Structure formats: structure tokens, C-alpha cells
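See below for the structure under consideration.
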There are 2 protein chains.
Amino acid sequence: MPRKPRKGDVAADEAVYGAIRRAMHMGRLAPGTKLQEPALARVLGVSRERVRKALHRLVHEGWLTAIPNRGTFVPSLTVEEMRQIYDVRSMLEAAIVRRLSEGHTAAAAKRLKAHVTEEKAATRRDDRGRLFELSGEFHVLLAELCGNDELTRLLRGLLTRSTMHFSLAAPRQLTNCAGPHDHGDIADAILGGKADKAAKLMLGHLAGLVTLQAAHPPQHEPVDIEEAFRGIKARRDS
Amino acid sequence: MPRKPRKGDVAADEAVYGAIRRAMHMGRLAPGTKLQEPALARVLGVSRERVRKALHRLVHEGWLTAIPNRGTFVPSLTVEEMRQIYDVRSMLEAAIVRRLSEGHTAAAAKRLKAHVTEEKAATRRDDRGRLFELSGEFHVLLAELCGNDELTRLLRGLLTRSTMHFSLAAPRQLTNCAGPHDHGDIADAILGGKADKAAKLMLGHLAGLVTLQAAHPPQHEPVDIEEAFRGIKARRDS
DNA sequence: ATGCCAAGAAATGTGCACATCCTGTTGGAG
DNA sequence: CTCCAACAGGATGTGCACATTTCTTGGCAT
């Protein structure tokens, strides 16, 4: 239904952005899918310019790829691109866990322990959806605990691009981190001050993710825009 | 795929983007300056929407900051933000030089030597402008030699934000890297396979840059848009 | 004289319509 | 039957005009 032309509604932009992002995260949009503006505008019930702006933002953030005068498409990550992303993550996250191992506040230790506890709880009750979220947040949490906003933002971008493969190609297998004990072991090494061990575990953890993704090639299923956004609409949460 | 003779429409966006970026790089725009769209459109001789799109891109890349319904402004980097950027650079670049020290191709060694030679030549003939460019490219070159496009792109973004301070606050002192021998020493350590030494030199190098920047606080000079873009206009090269 | 309020002006944000380009189709020729 | 070219339909890109918000200036009351 048409929303009345409210005043400066900055939340509408975020809503459209979030809707597309959520559709990708749910695996509704297969790699190679063309996101045409009129269809999205009609389905989401917003103007075309709104969709246009959100698309441009997603392109700039690396979620979508645009071809001039052709349209914007859901990218199909090659194995090499994925390997490179994980390579950068390895550099950053190894340094992160090393730093945290060498020194961290009591509050940081508390947050880390709480996160691991929550992950274990989610694993025990087999809550795949929650575990999927928590697994990603674990890596962001480590960056946050370094107290460097720039680092956190950068790593979050890399992580979203990393998990894009799971979201797009293997949405059913909602396990984006290999071993269920990996995060716990890394946390233990950090809390125990074993920098070398923590770094080694992290490198092994990330390497495991690469092999896991390589084992699941992306499936190209043609999807319809209207069908993909069934029940997604625009919401406020991230 | 052969490029078709288009109507220079795509290049116009890049031209406006480059013009603003060049004005910042020349130190014409002081931190806190408001970039209003009509004035820019008039000065650059393009439509307001073109300016608008370029501004949005610059905001998203971190060069400018936007306040809804207020406008876009040239940011004034705090010392803390700068320190965080250099912190992330330290993590990445230490890993980079370590990797290069542990193994690199003959072609990589050749490019590295050639770069250092060119830097020394620029230093000898006191070509500050060229040295400024080369000093920045050195760090990008190291990333390129790792053969990871994602890494290169990421580091390039960090580097542009790092040098922004020099561009905005201290444009006259065109020395963005502390010691003239630092790059040469780092290159020697890499070529000699001394990973620990190379990493240590790089960390010291970056730390020196932070103290150098902290010693030059940003100057707030009120500038006029028309005056700032005198003789800049839109060009095609980057 | 100073602080507050209101009206005008300018800048930002948004929807709309048109121009341009791409794509799929259809018709005809070889 | 196949291939190529022109055409129609549709999607993207862009300029323009208007709505909304904010800043400024002038006037008024304390």
C-alpha cells in the first residue's frame, strides 16, 4: 500500500537497503540474478529512486556489481576472490588475537566468555539460525575488543562478504563456522595469554572455512523477484 | 569486449569526483568547509545531480562527512581516528612485509628495487611532489606484490585516508613519509629475507608517521568554494 | 542592549518525465 | 534451416521542478 509522503523519512532508505540485504542473507537471490529497479520498487512499495539509491550503496559496499546501462546483479564469487578475502582476514585476525592475548581488560574477558557461552547454548539446542548470527558476530567481537572502530568497520565488511557465499550458495547449511569448538578454543587461548596458540588456531579456523566453502559450489537457480521478496518487505531492525 | 563510442557521460561523473578529490589533495579545502551543491555545480559547470552523486560517493568512501538536511563537510580528523587508521595499517603491513620476506618472485624483487631507486632519485633532485606520490605508492606496491587484489584495494583506501591529513592540514610540507631511508631499509630487509627485521622496520616507520602527523595540527582557514577550485576544473586523468 | 520569535531565502531531498541504451523478437534473405 | 538486421518493448540514466527543512535577517518585547 502506498505510504503517504511523509517528511524527511531517512528510515525508508535504510528499510529498502535492509530488505535487499535480508533477501540476500536468506539465500533468496541466486548469484547472477538481475535486480531491476521497477520490479523492486513495485514489490517493496517505494519509489524507484529510493531503490536506486539503495542499489548504489550496495554496489559500493561490494554486495552487488553494477554494469553501466545494463543493471545491477548479484555477484558470483569465484574461488580465487574468496581465497583472497580470507587471506586478508587471516592477516587482520591473527594480529587481533595476538593483541588480545597479550593484554585485555576484565570487561573484554567477560564479554568474550559470555559470547562463547551463548554459542554453546545455541549449539546445544540446535538453533542453527542463532548460531549462524553468533558465529559471525564472534569475529566482529574480537575486533571490537581491540577498541579500534576503524578495525571493526573494516573487518565487518570483510566478514559480510565472506558469509555472502554461505548466504547465497548454501543457505540451507546454516553453519558458517567449521568446528563448533573452534571459537571456544580460540577464546581460551586468548584468555590464557597464549598469543602464538591463538593465532595458530585462528589461522586454522579460517583455513577450514575456505575448504568448507570450496566444497559447496554455488548453485545457480533462476529466481523471480516477486517470489524472492515474498514476506520480506521493509522492517526497521538490522 | 570492445568499448563503444559513448557520449562522455560516464566520464563526467569521474571528472567531478576527481576534481573535488584533487582540490582536497591540494589542500584547498580546509577541514570543516561546507561543500554546497549549487556552488560546486556552478563552478565545475555541471548539473547539480552530478555533483550530488560525486558527493555521495566521497561520503561513502570516507573523504567527506554528511549530515542529513544540513550538507556535506570536509572532515576534521581527530588524533584518535588517525591513530586507529595507522593501527590497522600496522597490522596489515607487518603481515605483508613478513610474507614478502618469506618468499617473492624475481619480478617482484625487480619492481621493488626499481621503486626504491626512483625514490632515491626523486630525493636527490629534491622533487617533493614526485616523492610525495612515490612514498604513498610504495606501500601500495608492497600490497600488490602479494598478488591479492582485495588486499591492495583495502590498503589503498586506508592509505588515502592516512595521507588526507597531510593533504588538508600540511599541504606545504610535502613529505608524507618520515625518514628518506626508511623505504630503502624495509626493501633491503624484504629482499634479504629477514622477516622479523622487515616487520619491525615497518612498524617503526608507521609509528614515525603518526608522531609526525601529531606534530602538525590541522589549520582551520576559511576558504571560498570559487577560490578553492580556481584552475582545477574537470580533467580525465586520475 | 539583549534575547526571542517570525518571515523570507536558500539549500537539501524527492518524485516525475523524458532521453538513451540494451535486449529480445520477428521478418526476410541467402 | 540458419543467420542477420531492423524494430518494438522495456530498463537505466539524467535533468527538472517542487516539497521540506534549515539558516539568516529583521523586528519586537523585556
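In this text, all values refer to a predicted model and were calculated from it rather than measured experimentally.
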Let me spell it out: for each of H56(A) and E49(B), pick the nucleotide of DNA chain D with the closest heavy atom. Which residue's pick is nearer the 5' end?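 Looking at DNA chain D, the more 5' nearest nucleotide goes with H56(A).
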Could I get the full list of ring pair (Phe, Tyr, Trp, His ring centres under 6.0 Å) partners for F138(A), not counting sequence neighbours?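 F138(A) satisfies ring pair (Phe, Tyr, Trp, His ring centres under 6.0 Å) with H115(A), H183(A) only.
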Applying side chain to side chain contact (heavy atoms under 4.5 Å, CB included), name anything that partners [X], two or more places apart in sequence or on another chain.
{"X": "T72(A)", "value": "L35(A), L55(A), V59(A), A66(A)"}
{"X": "A39(A)", "value": "Q36(A), R42(A), I225(A)"}
{"X": "T160(A)", "value": "R21(A), W63(A)"}

Phosphate-side-chain proximity, S47(A) and dG15(C), N/O vs OP1/OP2 below 4.0 Å: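 So the side-chain polar atoms of S47(A) do come within 4.0 Å of the phosphate oxygens OP1 or OP2 of dG15(C), strictly under.
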Got a sec, which residues hit salt bridge (charged side-chain N to carboxylate O under 4.0 Å, His left out) with D149(B), two or more places apart in sequence or on another chain?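 Counting only residues at least two positions away or on another chain, D149(B) forms no salt bridge (charged side-chain N to carboxylate O under 4.0 Å, His left out).
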Give every pair of a protein N or O atom and an N or O atom of nucleotides 10-12 of chain D that lie under 3.5 Å apart, one pair per line with the distance.
residue: dT12(D); atom: OP1; partner: E37(A); partner atom: N; Å: 3.3
residue: dT12(D); atom: OP2; partner: E37(A); partner atom: N; Å: 3.2

Strictly by salt bridge (Lys or Arg N to Asp or Glu O under 4.0 Å), give each pair with a member in residues 58-68 of chain B just once, sequence neighbours left out.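 Of all non-adjacent pairs touching residues 58-68 of chain B, those that pass salt bridge (Lys or Arg N to Asp or Glu O under 4.0 Å) are R57(B)-E61(B).
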Pair listing, salt bridge (Lys or Arg N to Asp or Glu O under 4.0 Å) test, anchored in residues 67-81 of chain B, at least two apart: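 Non-adjacent pairs meeting salt bridge (Lys or Arg N to Asp or Glu O under 4.0 Å): E80(B)-R83(B).
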Axis-to-axis angle between the two ends of the helix from dA1(C)-dT30(D) to dG30(C)-dC1(D) (five base pairs per end, rounded to 10 degrees):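 Terminal axis comparison yields 10°.
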Atom [atom1] of [X] to atom [atom2] of [N]: distance rounded to whole Å?
{"X": "D13(A)", "N": "dT12(C)", "atom1": "CG", "atom2": "P", "value": "17 Å"}
{"X": "R50(A)", "N": "dC16(C)", "atom1": "CZ", "atom2": "C1'", "value": "14 Å"}
{"X": "K53(A)", "N": "dT14(D)", "atom1": "NZ", "atom2": "P", "value": "16 Å"}

Working to the nearest 0.5 Å, report the span between CG of L29(B) and CZ of R22(B).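 One finds 12.5 Å between CG of L29(B) and CZ of R22(B).
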